[in-house]
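Numbers here simply count residues along the sequence, with the first being 1. Worth saying up front: this structure is predicted, and the values here are computed from it rather than measured.
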Amino acid sequence: MYMNSPSASVPVSPLADLIEKARHQQLAIGELFQFAETFNATGHKAEASELYKAWIAYNDGNPLLHLVFFNYSVTLRQMGDLTGSIHALRGAIKAEPAFAQAYINLGRALEDAGLTGQAIQQWKAYVDLTSELTPDKIGHRLMSLQHMGRVLENSGMLEQAEETLWKAMELKPERTEAGQHWTSLRQRQCKWPTLVTSEHVTMRNLLDALSPLTLACYMDDPLFQLAKAHRYCKSLVGRPDLTGFPRVAPRSKTGTGQRLRVGYVSSDLRDHAVGFALREVLELHDKSSVEVYAYYMGDKRTGDETQTRMLAVVDGWRDVVAMDDRAIAQQIIADEIDILVDVNGYTKHARTRIFAYRPAPVIVNFCGFPGTMASPFHQYVITDPQIVPPENEIYYTEKVLHIACDQPVDRKRQIAPPQTRAEWGLPEDAFIYACFNGMQKITQQCFGRWMAILTATPGSYLWLLGGDEEANERLKVMAKQSGVDAARLIFAAKTPNARHLARIALADLFLDTFPYGAHSTAGDALTVGLPVLTFPGKGFASRFCTSIVAAAGADELICSDPNEYVRKAVEFAHDRPRLAAIRQSIADNRETSVLRDIPGLARRLEELYWQMQGEAERGETPVPNLANLELYYEIGCEIMQQNIEFDDSTAYRERYLEKFRQWHAFSPIPHDGRLWTEATAAGA
């Protein structure tokens with residue numbers, strides 16, 4: 001193995017010229033490695049050896065001398081000069097006494113020379129040199145790096161946080177905590193490619209470290225998302241001690257006139273996208289049918305409009321942030337909750353372990369997380385048929401139940417008076433594309449589509465929700481590299497929600513991201529009449545925006561694939577009357593659209609809660625299907641490395657099936673009722 005050796009692709013100068021440059025210390029170490037490796041790759045190892053030897057002779061003060069000695073030793077070993085290789089490795093250790101790879105290779109060389117005692121002595125020398133690296137000290141170093149990374153990230157020092165977390169990853173690549181935050185940071189900073197390996201951190205390490213949310217931003221692969229969620233649950237929750245937590249039996253309430261007790265559990269029951277979505281739903285619940293409890297585990301709030309409204313309408317508000325998971329579960333049991341709704345999923349500040357105690361007979365995944373929980377204890381997921389059509393239910397371990405649209409909107413949200421383009425630095429007459437999704441949702445392929453759209457529409461602009469200054473500048477640089485004037489990217493600063501809702505109406509067309517599309521941001525845009533252009537994938541996060549656009553009655557804005565998305569975006573800029581007609585239609589149908597039928601949504605939720613209750617009373621509560629999920633994960637890791645952004649469902653499933661057939665040929669796989677069925681296995 002060579003140290004820092006690039007591929008052999010540079011033209012080779014005559015050896016004498018290179019030695020002369022080395023003699024005058026004019027041959028940089030990078031050039032040395034390039035030329036020497038080119039000699040090696042073309043079969044001229046003796047020339048590479050001579051070049052290394054000369055460089056060492058004339059550059060003995062270089063701080064990277066040990067790396068040159070090391071590469072010299074590799075070349076000599078390849079030439080069959082074991083003795084020379086041993087001398088070179090001793091030179092590497094003399095130049096850098098802490099150079100681990102030199103001790104390891106020197107020991108191997110001495111072993112091959114039959115000098116096993118000396119070989120052991122070399123390895124022992126390095127072990128003694130690093131004796132202070134005890135497991136405790138390594139663990140403490142890792143913990144310190146992780147804490148540093150967390151605080152740096154929370155302080156907005158993203159570059160420093162990323163560097164610190166990378167050190168933690170290289171120290172213990174099999175530990176996922178640092179890698180999870182590192183990948184998320186790179187997504188927020190639009191650093192592409194997102195996943196970058198090293199000698200110590202493999203692609204498998206990086207894939208293992210992805211959280212379900214960062215994975216949803218990275219790739220549209222619902223089978224891998226399913227398997228990842230299951231793996232994440234096992235890591236996050238494990239098997240808690242259920243002593244003192246017998247299973248809560250369903251209470252007989254159907255047909256009795258008693259109210260159903262429904263508990264919503266979340267850290268986001270506040271001025272937050274999830275809180276905005278739920279607050280009118282809670283206000284509209286039929287209190288003759290359901291009794292509503294809210295379990296809030298977020299930061300303490302004062303003057304929070306969402307909480308003020310929720311507190312006024314719920315039957316029981318429990319501030320449980322200071323309680324541990326067992327105590328919260330015990331509180332839920334004491335409140336005799338029938339239907340417990342997880343409104344966090346695998347998001348920030350989630351307390352998933354609460355649900356593992358099964359404090360209610362029925363546990364539901366709804367509103368907070370775009371995907372399956374893949375846990376043993378979430379029995380239902382509530383979504384809509386656009387996001388999860390029947391053929392896609394195999395991507396969920398929960399039983400899928402449908403509402404009309406999975407994005408509640410609060411019809412009472414305050415919108416500031418109309419804004420002007422001048423107030424926000426927007427050109428008055430230009431065509432303005434916009435995207436107000438978080439920067440973590442912008443991928444390299446997505447940005448490439450946007451640059452293609454801007455190139456095809458001279459004079460247009462792209463208005464983005466700004467990130468940190470480095471990320472904004474990074475996008476400007478990449479725009480220039482795509483041939484687009486960086487001035488055509490305009491970044492919107494944060495502003496109070498009412499003003500934000502008013503300003504987004506100033507754009508002409510909202511461009512959705514992929515694979516993680518707009519959720520509440522799409523609802524916001526359509527609320528103020530801004531058309532949203534999107535295309536669906538296969539997973540929850542990649543189909544959500546399609547659901548919202550369809551619920552607003554704007555099917556013409558739903559594209560079939562990325563190519564149609566680019567084509568339509570360009571066409572709308574050149575045909576403003578057509579876009580104006582769509583915009584007018586959205587406005588005309590606004591109050592009668594499915595998107596804003598919140599009373600209907602509340603009634604439908606109550607129907608579903610009572611349906612779940614009836615199934616529980618009859619002993620028909622579904623059991624999550626967790627079969628073969630470890631195998632789906634292994635296969636998914638292989639497929640993910642093919643880096644396929646978009647394809648149709650048939651091709652996608654066939655890739656998984658082909659892998660299943662290969663595994664099945666080695667060792668038979670039991671049917672799982674998902675993708676690997678009796679029928680697909682029969683074709684293996």
(message) Taking Arg655 first and then Glu658, would you say they form a salt bridge - that is, a charged N and a carboxylate O separated by under 4.0 Å?
(response) no
Please verify the inter-ring angle class for Phe369 with Tyr346; under 30° counts as parallel, over 60° as perpendicular, anything in between as tilted. perpendicular
- prompt: Okay, side chain of Tyr357, backbone of Ala360: is any donor-acceptor separation there less than 3.5 Å?
  reply: no
Sorted by chain and residue number, the ring-ring contact (aromatic ring centres under 6.0 Å, His included) partners of His272 (sequence neighbours excluded) come out as none
Residues at least two apart in sequence or cross-chain that pass side chain to side chain donor-acceptor pair (under 3.5 Å) with Thr513, listed by chain then number, are Asn437
Subject >> salt_bridge(Asp647, Lys538) N-O dist < 4.0 Å >> reply: yes
Do Lys441 side-chain atoms and Asp512 backbone N/O form a donor-acceptor pair below 3.5 Å?
no
Item to complete: Say whether, by atom type as modelled, one donor and one acceptor occur between the side chain of Thr214 and the main chain of Leu210 under 3.5 angstrom.
Response: no
Sequence neighbours excluded, the answer for side chain to side chain donor-acceptor pair (under 3.5 Å) partners of Arg474 is Glu159
From the list Phe224, Trp676, Phe660, ring-ring contact (aromatic ring centres under 6.0 Å, His included) partner of Tyr632 resolves to Phe660
Checking Ile387, Asn365, Thr383 against Val400 for side-chain contact (heavy atoms from CB on, under 4.5 Å), the one that qualifies is Thr383
Discussion item. Between Glu630 and Arg231 (salt bridge meaning N to carboxylate O under 4.0 Å), is one present in this structure?
Written reply: yes
Next item on the list: Report the C-alpha distance between Glu470 and Arg188 in whole Å, list the side-chain angles of each, state the deciding distance to 0.1 Å, and finish with yes or no for salt bridge (Lys or Arg N to Asp or Glu O under 4.0 Å).
Entry: CA-CA 11 Å; Glu470 288 86 356; Arg188 287 169 56 191; over 6 Å; no
Table please: side-chain donor-acceptor pairs of residues 117-125 below 3.5 Å, with sequence neighbours left out.
from   : atom 1 : to     : atom 2 : distance (Å)
Trp123 : NE1    : Ile104 : O      : 3.3
Lys124 : NZ     : Asp128 : OD2    : 2.9

- prompt: Is the closest side-chain donor-acceptor distance between Arg150 and His147 under 3.5 Å?
  reply: yes
Side-chain touch Leu106/Arg90, heavy atoms, less than 4.5 angstrom = yes
Per side-chain contact (heavy atoms from CB on, under 4.5 Å), Ile442 is matched among Tyr516, Phe514, Trp192 by Trp192
### Message
For Tyr395 and Leu223: C-alpha separation, side-chain torsions, deciding distance, then whether side chain to side chain contact (heavy atoms under 4.5 Å, CB included) applies.
### Response
CA-CA 6 Å; Tyr395 305 144; Leu223 285 169; 3.7 Å; yes
Subject >> Output field: ring centroids Phe540/Phe544 closer than 6.0 Å >> reply: yes
For this session: Would you confirm whether Arg358, through its side chain, and Phe245, through its main-chain N or O, come within 3.5 Å as a donor-acceptor pair?
Result: no
Residues at least two apart in sequence or cross-chain that pass side chain to side chain donor-acceptor pair (under 3.5 Å) with Ser649, listed by chain then number, are none
>> Please check: side-chain N/O of Glu678 versus main-chain N/O of His671, any donor-acceptor pairing under 3.5 Å?
In response: no
Contacts of Thr650 meeting side chain to side chain donor-acceptor pair (under 3.5 Å) (sequence neighbours excluded), chain-then-number -> none
When you measure from the side chain of Ser375 to the backbone N and O of Ala356, does any donor-acceptor pair fall under 3.5 Å? no
For the pair Tyr126 and Tyr103, name the ring-plane relationship: parallel under 30°, tilted 30 to 60°, perpendicular over 60°. tilted
The salt bridge (charged side-chain N to carboxylate O under 4.0 Å, His left out) partner of Arg204 among Glu638, Glu174, Glu634 is Glu634
Could you tell me whether the side chains of Ser184 and Gln440 share a donor-acceptor contact shorter than 3.5 Å? no
